[in-house]
Amino acid sequence: MPDLRIALAQINTCVGDIAGNTALILDACRAAHDRGAHLVVLPEMTVTGYPIEDLALRESFQRAAERAVQRIASQLASEGCGGLTVVLGTLGVATSGRPFNQAVVMTGGEVTARYNKHHLPNYGVFDERRIFAAGEDRCVVEVGGRRIGVVICEDIWADGGPVEQMDAAGIDLLAVLNGSPFEEGKGHVRTELAQRRARELGAPVAYVNLWGGQDDLVFDGHSFVVGADGTMLASAPGFADALLTWDLGDRAEPARASALSPATSDDEQVYRACVAGLRDYVTKNGFSSVVLGISGGIDSALTAAIAADAIGGGNVVGVSMPSTFSSEHSKDDAADLAKRLGADYRVQPIATMVDAFQDQLALEGVAEENLQARVRGVILMAISNREGHLVIAPGNKSELATGYATIYDAGSIGGFAPLKDVDKSRVWDLARWRNARAEAEGETPPIPVNSIEKAPSAELRPGQTDQDSLPPYDVLDEVLDAYVEHAEGRAELLARGFDEEVVDTVLSLVDRAEWKRRQYPPGPKVTALAFGRDRRLPITSRWRERAE
């Protein structure tokens, strides 16, 4: 029996843009046909984008999705691609009117099969059980004399689910359509699961995943094929369009490997997730440029570098806003950063503006310090209004966790926060990684070394450093990781040997800062638990005492 060529089309869709997504689907199918593919598989809910949340409940949207499916089938046939079998994700509707998370199979200009997702995730970032009806039937189709099983994402995670039904069907390949968001360390979990399912079925598993940013979620792609014995046979790079092809031979033949994408470090994965999240938030919301305050510090330096990688340095406006307390090295580092990135660099001193407020308010202490910070936020929003840039916030997860940020200042104001889910220690790691990559490629490192090495400071009073108010970041981030990411309480933290005063300080800061976090811009989720997306309720000291 001749080989069956499989193509996995890893594309970047946009929620609600059915026309744009349809164009991407058609392009991917044409490319697969040109490469001699017999079967092309696209990700979960490709037609509508993912996650569509309550858009799924709109009847007009349901009808538009079905029209797109029919158009894709008929247009491929009219263009001479009718012999190609296409499996793609879309929005289906039950006779009751409840929507389905659905996969359709089309060939010869017609939809020949439909499969509705069985297991609807209802944890973390997912809310599918509330929106969708669950499917019950299995889907096995024949392509070129081979039996292909079709399931969707969560279906392979559940023991005893539709994958087990496939075992009795004697399939030659399991095709899995996915919309699996990025989370650091999650990649190997996916591949290990697929390898286990392949061994259970005695058949290869083809796993195609969505990629791109959608609000605060980032999908990383990393589509792959594993053999019946769990061997990795083909893989696509992450955070990029890809058309991965692989040939399915006879069962009696040894499985043949295809293109394998090189492994990448965790730092590179997180950095690229932040770049993808920012780029797609900017472009999918109709912007072409961003503006941010650059202070010479590490957070704004890394944020500006991410922005330059996302949309090009020429589309980044960096504004230095020195005050009476700004050091010369901070001004110099900001100018150096902008030059390295090719950014539009501007200097707007704030002293006279602050003085105007002080003439009326006569503020002192923290209120006076915060006035400086908020004036900077006003300047950035004014430039945004005048010129049409999206303001981006350079604050990091450690600051957000502890409330160590002035609300409405240059570090927290704007439409998107690329480092929202990146703690301070990791900010330094990512900056060093980005510079090292530039050096390895013979390019000028984008981030000034001084911005990485100097002590962080808001520079709102003479000689100020972050550690005047916070524990050292290496200690702080370890406590935050235990408390926020792993839900450890005070007793567990003390049992691990953390200083009691540090523990009480950090927990108190985190619990009191929920109101600030609620007003922070969205940012890409890169960890298991991101503020705003996963941690929804204020946790007060009174609640914690009861829990203890």
Side-chain angles (χ1 to χ4, degrees), residues 125 181-187 213 215-220 238-239 264-282 290 292-295 297-310 337 392-405 410-412 414-437 446-447 451-452 456 466 470 472-486 506 510 513 516-517 520-535:
V125 302
F182 174 77
E183 181 183 302
E184 184 179 359
K186 187 177 178 181
D215 300 324
D216 54 352
L217 295 182
V218 181
F219 300 89
D220 55 300
F239 307 103
T264 53
S265 69
D266 287 345
D267 285 341
E268 179 171 355
Q269 293 279 311
V270 172
Y271 188 90
R272 295 186 69 188
C274 292
V275 169
L278 175 60
R279 180 189 56 246
D280 283 354
Y281 195 85
V282 170
V290 299
L292 75 159
I294 52 175
S295 64
I298 186 60
D299 296 323
S300 62
L302 180 62
T303 301
I306 288 170
D309 285 338
L337 170 73
I392 57 174
N396 62 67
K397 190 173 187 177
S398 303
E399 295 174 349
L400 190 60
T402 57
Y404 188 68
S412 62
F416 199 71
L419 303 180
K420 182 178 182 179
D421 200 28
V422 179
D423 67 34
K424 186 75 169 191
S425 299
R426 197 61 181 280
V427 168
W428 279 304
D429 291 340
L430 296 183
R432 293 187 180 99
W433 173 84
R434 183 62 183 87
N435 276 3
R437 192 186 93 172
I447 300 172
S451 294
I452 299 173
D466 290 4
L470 298 172
Y473 278 116
D474 57 342
V475 176
L476 172 64
D477 288 341
E478 193 173 353
V479 175
L480 288 174
D481 180 70
Y483 183 49
V484 175
E485 302 283 338
H486 298 100
V506 173
V510 172
K516 284 188 178 182
R517 291 191 289 270
Y520 207 78
K525 173 180 164 62
V526 298
T527 69
L529 194 151
F531 289 121
R533 170 59 77 162
D534 305 304
R535 189 183 176 110

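Only this structure's heavy atoms are used, side chains among them; waters, hydrogens and symmetry mates stay out. For this chain, numbers begin at 1 and follow the sequence in order. In this text the structure is predicted, and so the values were computed from the model without any measurement.
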Check: Asp423 and Asn396 side chains under 4.5 Å, non-hydrogen atoms: no
Main-chain N/O of Ser398 paired to Thr402 side chain as donor or acceptor, under 3.5 Å: yes
How close do Ile447 and Ala301 get, heavy atom to heavy atom, and via which atoms? CG2-CB, 3.9 Å
Tell me, do Glu478 and Ser425 make a side-chain contact under 4.5 Å, heavy atoms counted? no
Donor-acceptor contact present, side-chain Tyr483 to main-chain Val510, <3.5 Å: no
CG of Leu476 to OH of Tyr404: how many Å apart, nearest 0.5 Å? 11.0 Å
Taking every non-hydrogen atom, the tightest pair across Gly414 and Pro521: O-CG, 3.4 Å
Name the one of Arg426, Lys397, Arg517, Lys525 that satisfies salt bridge (charged side-chain N to carboxylate O under 4.0 Å, His left out) with Asp421? Lys397
Would you call Pro181 and Val125 a side-chain contact if the rule is heavy atoms closer than 4.5 Å? yes
Give a yes or no on whether a salt bridge exists between Asp299 and Lys424, defined as a side-chain N under 4.0 angstrom from a carboxylate O. yes
Under 3.5 Å, is there a donor on one side chain and an acceptor on the other for Asp309 and Tyr271? yes
Could you report the tightest heavy-atom contact between Pro446 and Leu337, atom names first, then the distance? O-CD1, 3.4 Å
Shortest non-hydrogen pair, Gly411 vs Tyr520, comes out as O-OH, 3.0 Å
Can you give me the closest heavy-atom contact between Ala273 and Pro524, atom names plus distance? O-CB, 4.3 Å
If only atom types and distance count, is the side chain of Arg434 paired as donor or acceptor with the main-chain N or O of Leu302 below 3.5 Å? no
So do Glu485 and Thr527 actually touch side chain to side chain, heavy atoms under 4.5 Å? yes
Using the ring-ring contact (aromatic ring centres under 6.0 Å, His included) criterion, which residues pair with Phe182? Sequence neighbours excluded. Phe239
Identify the two heavy atoms, one from Ile306 and one from Pro418, that lie closest to each other, and give their separation to 0.1 Å. CG2-CB, 4.4 Å
Tell me, do Asp429 and Val427 make a side-chain contact under 4.5 Å, heavy atoms counted? no
Dump the intermediate steps for side chain to side chain contact (heavy atoms under 4.5 Å, CB included) on Glu184 and Asp266, then the final yes or no. CA-CA 7 Å; Glu184 184 179 359; Asp266 287 345; 3.4 Å; yes
Can you tell me how far the CZ atom of Phe416 sits from the OG1 atom of Thr303, to the nearest 0.5 Å? 11.0 Å
Has Lys516 got a side-chain atom pairing as donor or acceptor with Ala405's backbone, closer than 3.5 angstrom? yes
Let's go through Val218 and Val526 carefully: what are the C-alpha distance in whole Å and the side-chain angles of both, what is the deciding distance for side chain to side chain contact (heavy atoms under 4.5 Å, CB included) to 0.1 Å, and is it a yes or a no? CA-CA 8 Å; Val218 181; Val526 298; 5.7 Å; no
Working to the nearest 0.5 Å, report the span between NZ of Lys420 and SG of Cys274. 12.5 Å
